[in-house]
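Contents: one structure, followed by commentary.
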Amino acid sequence: DGGLYLQYQPILDLRTNRVCGFEALARLKSEKLGAVPPLEFIPIAEKTKLIIPLGWKITRQSQCFLSKLKSLGYEEIYVSINASVIQLLKNDFVDNLLEMIREMQINPKSICIEITESVFAAGYDDINIIMNRLRKYGISIAIDDFGTGYSSLSRARDLSIDCLKIDKSFIDKLTNVCPDCAITGEIVSIAHKLGYYTVAEGVEYEEQKQVLLEYGCDKIQGYLVAKPLDEEAAIRLLETK
């Protein structure tokens with residue numbers, strides 16, 4: 001994993017129109033293969049259980065970035081870290097994460113753990129216990145790419161989470177069909193009724209942003225805000241926004 005590095009994609013709060021957080025995205029550069037897309041190396045890492053050491057490396061790098069943001073006075077900015085269900089189900093996951101947070105002197109409220117919909121295929125009672133523990137310490141939990149795979153809003157209701165990230169496939173439709181026909185507004189509305197906030201992924205056009213504003217969506221990320229950025233560029237963005 002010598003070629004592992006992170007980029008940070010900004011998340012925009014639609015109410016303030018300001019960057020409120022970043023999603024940490026793992027990248028891999030290999031001498032032989034060049035840049036290896038996450039869709040290729042993450043499934044292999046999960047299959048071989050390498051996702052566990054890889055996940056901790058990503059978490060530590062993300063917390064180093066948070067520490068730097070804190071030192072620059074950006075204490076309100078949060079970072080979303082993707083975690084595999086395999087990682088979450090390790091007995092020592094919560095204790096190790098809390099120890100790292102204490103060691104790095106990070107505010108737990110500035111961390112969001114993103115899990116994929118594969119949680120719905122797993123026995124999610126055990127995962128719920130873990131997520132409850134994390135939330136007790138102020139860490140928030142998001143379901144990533146909501147609506148693409150196993151999940152439904154009725155099942156989401158049973159999970160101890162804070163946020164639904166609406167998959168890009170729903171956002172793409174906002175420019176292709178009449179907005180009234182899009183299911184996205186319903187997802188936002190029901191998510192709010194369940195007490196969750198929403199982040200729309202893959203927003204590329206101003207038109208999509210405006211429709212999401214009308215729907216009451218809370219936050220967006222995508223190329224309209226900015227592409228994933230290296231650490232220095234992410235900090236520069238905060239200085240200009």
Side-chain angles (χ1 to χ4, degrees), residues 5-27 38 55 57-84 88 97-98 100-101 104-116 131 134-135 137-146 160-168 170-171 187-188 191-192 195-204 208-209 212-213 215-241:
Y5 66 100
L6 297 187
Q7 288 190 312
Y8 299 92
Q9 184 157 36
I11 299 166
L12 189 82
D13 186 316
L14 284 178
R15 279 166 296 195
T16 62
N17 208 38
R18 294 179 71 87
V19 171
C20 59
F22 293 93
E23 180 181 355
L25 297 165
R27 301 288 186 251
K57 187 165 184 180
I58 291 164
T59 303
R60 184 167 286 277
Q61 280 190 35
S62 300
Q63 293 200 15
C64 286
F65 178 55
L66 270 171
S67 190
K68 189 176 282 187
L69 290 177
K70 183 182 167 186
S71 71
L72 293 168
Y74 298 111
E75 296 195 24
E76 300 302 310
I77 301 292
Y78 74 93
V79 171
S80 269
I81 303 164
N82 290 279
S84 160
L88 279 177
L97 180 60
L98 293 173
M100 195 183 284
I101 286 169
M104 306 277 286
Q105 298 183 319
I106 299 294
N107 182 350
K109 289 183 177 172
S110 59
I111 295 172
C112 177
I113 300 289
E114 291 194 22
I115 54 174
T116 65
M131 295 196 299
L134 292 170
R135 293 179 73 217
Y137 288 98
I139 296 163
S140 55
I141 310 285
I143 294 286
D144 196 16
D145 302 329
F146 182 81
S160 180
I161 61 171
D162 302 274
C163 169
L164 289 183
K165 296 193 78 176
I166 304 167
D167 187 70
K168 183 182 185 301
F170 291 102
I171 310 310
I187 295 175
V188 172
H192 286 166
Y196 310 145
Y197 69 88
T198 50
V199 179
E201 300 183 277
V203 178
E204 296 176 2
Q208 293 169 327
K209 179 185 172 185
L212 288 162
L213 261 170
Y215 287 157
C217 185
D218 301 285
K219 301 172 185 182
I220 62 169
Q221 69 184 88
Y223 280 23
L224 180 68
V225 182
K227 62 180 185 179
L229 303 166
D230 292 330
E231 199 172 283
E232 296 74 20
I235 291 166
R236 279 199 303 275
L237 180 80
L238 287 176
E239 290 165 354
T240 58
K241 289 279 181 188

* Structure fact -> CD1 of Ile171 to SG of Cys217, rounded to nearest 0.5 Å, is 6.5 Å
* Considering all heavy atoms, the nearest Asn82-Ala24 contact -> ND2-O, 3.4 Å
* Take Val225 and Val203, measure what side chain to side chain contact (heavy atoms under 4.5 Å, CB included) needs, and give me the verdict at the end. => CA-CA 8 Å; Val225 182; Val203 178; 5.9 Å; no
* Structure fact -> For Ser160 and Arg135 the tightest heavy-atom approach is OG-NH1, 2.8 Å
* To do: Would you indicate whether the side-chain heavy atoms of Pro228 and Arg27 approach each other to under 4.5 Å?
  => yes
* **Worked verdict on Ser110 versus Val79 for side chain to side chain contact (heavy atoms under 4.5 Å, CB included)** => CA-CA 6 Å; Ser110 59; Val79 171; over 6 Å; no
* To do: Using distance alone, with no hydrogens and no angle criterion, decide if Thr116 and Asp144 have a side-chain donor and acceptor under 3.5 Å apart.
  => no
* Would you say the side chain of Leu212 lies within less than 4.5 Å of the side chain of Ile166, judging by non-hydrogen atoms? -> no
* Structure fact -> For Glu204 and Gln208, the nearest pair of non-hydrogen atoms, with its separation, is N-OE1, 2.8 Å
* Structure fact -> OG1 (Thr59) and CG (Leu97) are apart, to the nearest 0.5 Å, by 6.5 Å
* To do: Mind checking the OG-CD spacing from Ser80 to Gln9? Nearest 0.5 Å is all I need.
  => 11.0 Å
* To do: Without swapping roles, check the side chain of Asp162 against the backbone of Ile141 for a donor-acceptor pair under 3.5 Å.
  => yes
* Separation between CG of Leu98 and OH of Tyr137, rounded to the nearest 0.5 Å -> 5.5 Å
* Exercise: identify the closest heavy-atom pair between Tyr8 and Ser62 -> OH-CA, 3.9 Å
* Please tell me if the side chains of Leu25 and Pro38 come closer than 4.5 Å, counting only heavy atoms from C-beta onward. => no
* Asked: Between Ile101 and Ile139, is a side chain to side chain contact (heavy atoms under 4.5 Å, CB included) present by the stated rule, with each step listed?
  -> CA-CA 10 Å; Ile101 286 169; Ile139 296 163; 3.8 Å; yes
* **Listed partners of Tyr197 passing ring-ring contact (aromatic ring centres under 6.0 Å, His included), at least two apart** => none
* **Note, Ile143 side chain near Ile115 side chain (heavy atom, < 4.5 Å)** => yes
* Are side-chain heavy atoms of Ile187 and Phe146 found at a separation under 4.5 Å? -> yes
* List the steps, then state whether side chain to side chain contact (heavy atoms under 4.5 Å, CB included) holds for Gln7 with Asp230. => CA-CA 5 Å; Gln7 288 190 312; Asp230 292 330; 3.2 Å; yes
* **Donor-acceptor pair, side chain of Asp218 and main chain of Thr198, under 3.5 angstrom** => yes
* Quick check: does any side chain N or O of Asn107 sit under 3.5 Å from a backbone N or O of Lys109, one acting as donor and the other as acceptor? -> yes
* Asked: Rounded to the nearest 0.5 Å, how far apart are CE of Met100 and CD of Gln63?
  -> 6.0 Å
* Heavy atoms only: give me the nearest Leu229-Pro10 pair and the separation to one decimal. => CD1-CG, 4.0 Å
* Can you see which heavy atom on Ile11 is nearest to which on Phe22, and at what distance? => CD1-C, 3.9 Å
* Structure fact -> Between the CE atom in Met104 and the NZ atom in Lys70, the distance rounded to the nearest 0.5 Å is 10.5 Å
* To do: Return the set of residues passing side chain to side chain donor-acceptor pair (under 3.5 Å) with Ser140 (not counting sequence neighbours), or none when no residue passes.
  => none
* Asked: Will you find, in the side chains of Lys165 and Gln221, an N or O donor that is under 3.5 Å from an N or O acceptor?
  -> yes
